[in-house]
Every structure is written in structure tokens, then in C-alpha cells.
Asker: 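I have a structure I would like to understand better, so I am pasting it below and will then ask my questions one at a time.
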Amino acid sequence: MQRRQGRVNAGLLLLLYQISQVGLRNIPSVTLGVLVLNIFFFLNPVRPLPEVCISVNEGFYRKNWQRLLLSPVHHADDWHLYYNMISMLWKGIMLEKKLKSTWFAYIIVVFSVLIGVVYMALEFMLMKILDDPSYEMNCAVGFSGVLFALKVLNNHYNPGRVSSVLGLQISSKYACWVELVAIHLISPGTSFAGHLAGILVGLMYTRGPLKKIMEACAGGIFSLSDPARPRDYYSDFGGATYNNERRPYGFWFPPNQHSEEEIRRQRLRRFERR
């Protein structure tokens, strides 16, 4: 592990200031952990960037699979770290509270690895289709692929919102695609394939089989019902959605049956329900 030397990192200082403005108590635990992890590896990189970045050549041909874990948490410079972690901060605050910390951590780990795999697949396809061997050497680092995947999840769980992209008001449904093109045009050095891989993994989770596969692999470790899905029974007096299905045990009453006599009858019949 090497300690980063040299100039003052203005991007890192600004990131720490922004975190302090939000307040550590207001940042969910997993989101805060991701921020700390990325900052730590920025200050203390495991190896130089050419030795942690992911590419077809390094990951597929040379079997350096550890790069799937190392590449997302290493960044090219302090401003790369700043923009990625500010995005992670706000996406994490919104999503972790909705998905719950354990499942959100599971998503971060799976997405980090899977996006590297999809990235290599995209670069390999480009190499074959365009007959250009340079694509197998394209080496990527950074957390932005995961952030694009989280943006897809955020838009899925919070539909109908509008995002501002370069001053244009874009429906959140299409915002990630517009951002994908806009970022590539503004900053040609960014990894188009890496960002696209993030979007594709996000869609695999929201529209494809990835979520069910993750649930099956998790087994009984996590609560496998969708944490973001509202419950369909009257569980407390804070409000809920009602339906008329029979309950496996206990008793249930719709909101227009609050009299003591009706509640007493429900209680007497509760052991008859199977």
C-alpha cells in the first residue's frame, strides 16, 4: 500500500467540507462506509493505478480478477473522487433509507463486481466488431459505473421526477441515458463503456432477473421481500394500503370497523383462520 504524496488535494478538502455540512449523523451507515473506503484508498492506494484498473487484457486474458474489487474504489485524481463521492452521498441517502442498509450494502458489492464484468464484455464486443485491438487495453478505474446503476435504481423507486442535465429538464426515466452521452461529449476521456455497463446492470436489477438471482443467492441472510415495496396490510395506525385477503393468523379489520363489538368478534374468531 502506497501513501499518496504531493500537492494539496482541493477536491478532497471540498468533499470533506460537503460531508461536514450534511452531518455524519444524517448519512446512513453503508453510504458513509463507502465514502470512507473510497477516501482511504485515494490517500492510500493499494497499488499504482495501472496495476488496479480493469481491462479485457488484465481481467480476462491475464485473470487478474482482484481488479474487479480494486478498480471501483480507486480514482484518478481528487476531482474524480470528489464528483463521484458527492453523487454517492446523495444517491446513498435516498436509496439506503428505502432499501435498508443490509440490502443496500449487498447491492453495492454485487454491482461493483458485476459492472466490471459487463464493462469487459462491452469492450470485448467493441474489439471484435470494430476489429480494433486497442479496446482490450482500455483500463478503467472509479466508482462512476456503480453510480450510474444506482441512478437507474433511484429513478425506478422514485418515478415521475425531473432531472436537470446541462440546463435541460429531462424526465428521470431518460436522464441516465442523456447523462451518458453528455458526459462523454464534455469529457471524452471518461469511460463510455464503464458508464454504460452501470446503466445495463441497473436495468438488469430493475427490469431483468438480477434482483431475483441476488435474493436466491442471499438465502435466509437478508429479508428477501422488496424493502422498497409498501406493505399491503394494516400493520399499524400510521396508515397503509388495504385489501381483502384472509390473514394466516391474528385478525384484521378495515378502517370502517372500529367499534369495540366488532373488534371483540374479530378476536374471538382469530384462531379459526388458517
Side-chain angles (χ1 to χ4, degrees), residues 1 30-31 33-35 37-42 45-77 80-81 83-85 87-88 91-92 95 103-130 132-154 176-177 179-180 183-184 187 189-211 213-214 217-218:
M1 185 170 290
V30 174
T31 300
V34 171
L35 297 177
L37 185 67
N38 279 269
I39 292 172
F40 175 80
F41 280 119
F42 175 74
V46 175
R47 302 187 188 97
L49 290 182
E51 297 180 21
V52 296
C53 61
I54 187 68
S55 67
V56 174
N57 182 61
E58 293 294 339
F60 182 71
Y61 291 130
R62 296 191 177 183
K63 312 298 182 185
N64 290 327
W65 299 115
Q66 73 273 14
R67 294 191 182 217
L68 291 172
L69 295 174
L70 295 176
S71 60
V73 294
H74 285 78
H75 289 81
D77 55 43
H80 187 203
L81 175 75
Y83 287 116
N84 277 357
M85 291 303 101
S87 181
M88 176 64 204
K91 289 179 175 66
L95 283 173
W103 189 261
F104 187 64
Y106 186 32
I107 284 176
I108 293 294
V109 172
V110 172
F111 281 16
S112 296
V113 174
L114 187 56
I115 286 168
V117 174
V118 174
Y119 166 76
M120 288 191 293
L122 291 174
E123 293 284 12
F124 185 81
M125 290 171 58
L126 288 172
M127 179 186 68
K128 293 298 184 181
I129 293 172
L130 301 178
D132 185 350
S134 67
Y135 283 101
E136 73 177 27
M137 305 301 296
N138 287 344
C139 215
V141 293
F143 208 71
S144 54
V146 178
L147 295 174
F148 267 89
L150 294 181
K151 186 174 187 65
V152 173
L153 265 64
N154 188 48
C176 58
W177 296 104
E179 287 185 21
L180 173 68
I183 290 175
H184 186 65
S187 303
T190 57
S191 175
F192 183 87
H195 296 166
L196 178 58
I199 294 177
L200 294 178
V201 169
L203 292 174
M204 287 166 62
Y205 183 92
T206 58
R207 297 177 179 271
L210 179 57
K211 181 174 179 292
I213 294 173
M214 289 173 61
C217 292

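These figures come from a predicted structure and were not determined experimentally.
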Asker: At what distance, to the nearest 0.5 angstrom, does CD1 of Ile115 lie from CZ of Phe148?
Answerer: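 Answer for the CD1-CZ pair, Ile115 versus Phe148, is 10.5 Å.
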Asker: What's the spacing between Asn154 CG and Leu150 CG if we round to 0.5 Å?
Answerer: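 Reported to 0.5 Å precision, the distance equals 8.5 Å.
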Asker: Which heavy atom in Gly194 sits nearest to a heavy atom in Tyr119, and how many Å separate them?
Answerer: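 Smallest heavy-atom distance, with atoms named: N-CD1, 3.4 Å.
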Asker: Count the heavy atoms of every other residue, nucleotide or ligand shown that sit under 6.0 Å from CZ of Phe60, and state whether that count exceeds 12.
Answerer: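 Atom CZ in Phe60 is not crowded, with 12 or fewer foreign heavy atoms closer than 6.0 Å.
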Asker: In Å, rounded to the nearest 0.5 Å, how long is the span from OG of Ser55 to CZ of Phe124?
Answerer: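 Nearest 0.5 Å value for the OG-CZ distance: 13.0 Å.
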Asker: Can you give me the closest heavy-atom contact between Gly92 and Phe104, atom names plus distance?
Answerer: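 The answer is CA-CZ, 3.9 Å.
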Asker: Considering non-hydrogen atoms only, spot the tightest contact between Ser112 and Phe143 and give its length.
Answerer: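 Residues Ser112 and Phe143, closest heavy atoms: OG-CE1, 4.1 Å.
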Asker: Is any side-chain heavy atom of Ile54 closer than 4.5 Å to one of Asn64?
Answerer: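 Asn64 does not reach Ile54 side chain to side chain.
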Asker: Determine the minimum heavy-atom distance between Leu153 and Thr206, stating which atoms define it.
Answerer: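 In this case the closest contact between Leu153 and Thr206 is CD1-CG2, 4.0 Å.
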Asker: Is the distance between the ring centroids of Phe42 and His75 under 6.0 Å?
Answerer: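 Ring centres of His75 and Phe42 not closer than 6.0 Å.
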Asker: Could you check Ile108 against Val146 for side chain to side chain contact (heavy atoms under 4.5 Å, CB included), going step by step and ending with a plain yes or no?
Answerer: CA-CA 7 Å; Ile108 293 294; Val146 178; 4.2 Å; yes
Asker: Can you check whether Leu35 reaches Met88 side chain to side chain, under 4.5 Å on heavy atoms?
Answerer: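 Leu35 vs Met88: side chains touch.
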Asker: Is any side-chain heavy atom of Ile107 closer than 4.5 Å to one of Met214?
Answerer: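 Side chain of Met214 against side chain of Ile107, heavy atoms only: contact under 4.5 Å found.
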Asker: To the closest 0.5 Å, what do you measure between CD (Glu136) and CG (Asn57)?
Answerer: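 With rounding to 0.5 Å, CD (Glu136) is 5.5 Å from CG (Asn57).
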Asker: Looking only at side-chain N and O atoms, does Asp132 offer a donor or acceptor that is under 3.5 Å from a partner on Ser134?
Answerer: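 Indeed, the side chains of Ser134 and Asp132 share at least one donor-acceptor pair under 3.5 Å.
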Asker: Hey, what do you get for CE (Met120) to CZ (Arg67), rounding to the nearest 0.5 Å?
Answerer: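 These two atoms lie 11.0 Å from each other.
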Asker: For a side chain to side chain contact (heavy atoms under 4.5 Å, CB included) check, start with the C-alpha distance between Leu210 and Leu114, then their side-chain angles and the critical distance, and finish with the verdict.
Answerer: CA-CA 10 Å; Leu210 179 57; Leu114 187 56; 3.8 Å; yes
Asker: Without swapping roles, check the side chain of Asn38 against the backbone of Val34 for a donor-acceptor pair under 3.5 Å.
Answerer: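 Looks like yes, one N/O pair under 3.5 Å.
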Asker: Does the Arg47 side chain pair with the main chain of Val52, one donor and one acceptor, at a distance under 3.5 Å?
Answerer: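 Here the side-chain-to-backbone pair does not exist.
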Asker: In Å, rounded to the nearest 0.5 Å, how long is the span from SG of Cys139 to CD of Glu123?
Answerer: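 The SG atom of Cys139 sits 10.0 Å away from the CD atom of Glu123.
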Asker: Tell me the closest heavy-atom pair linking Ser71 and Ala140, and the distance in Å.
Answerer: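 Here Ser71 and Ala140 meet closest at CB-O, 3.7 Å.
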Asker: Over 60° means perpendicular and under 30° means parallel, so tell me whether His74 and Phe41 are parallel, tilted or perpendicular.
Answerer: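 Correct class here is tilted.
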Asker: Side chains of His195 and Thr190 only: does a donor on one sit below 3.5 Å from an acceptor on the other?
Answerer: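 No - no donor-acceptor pair under 3.5 Å links their side chains.
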Asker: Looking at Lys151 and Glu179, is any side-chain nitrogen of the basic one under 4.0 Å from a carboxylate oxygen of the acidic one?
Answerer: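 Counted as a salt bridge, because a side-chain N and a carboxylate O are separated by less than 4.0 Å.
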Asker: Any donor-acceptor pair under 3.5 Å linking the side chain of Tyr135 with the backbone of Leu122?
Answerer: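 Not confirmed, Tyr135 side chain does not pair with Leu122 backbone.
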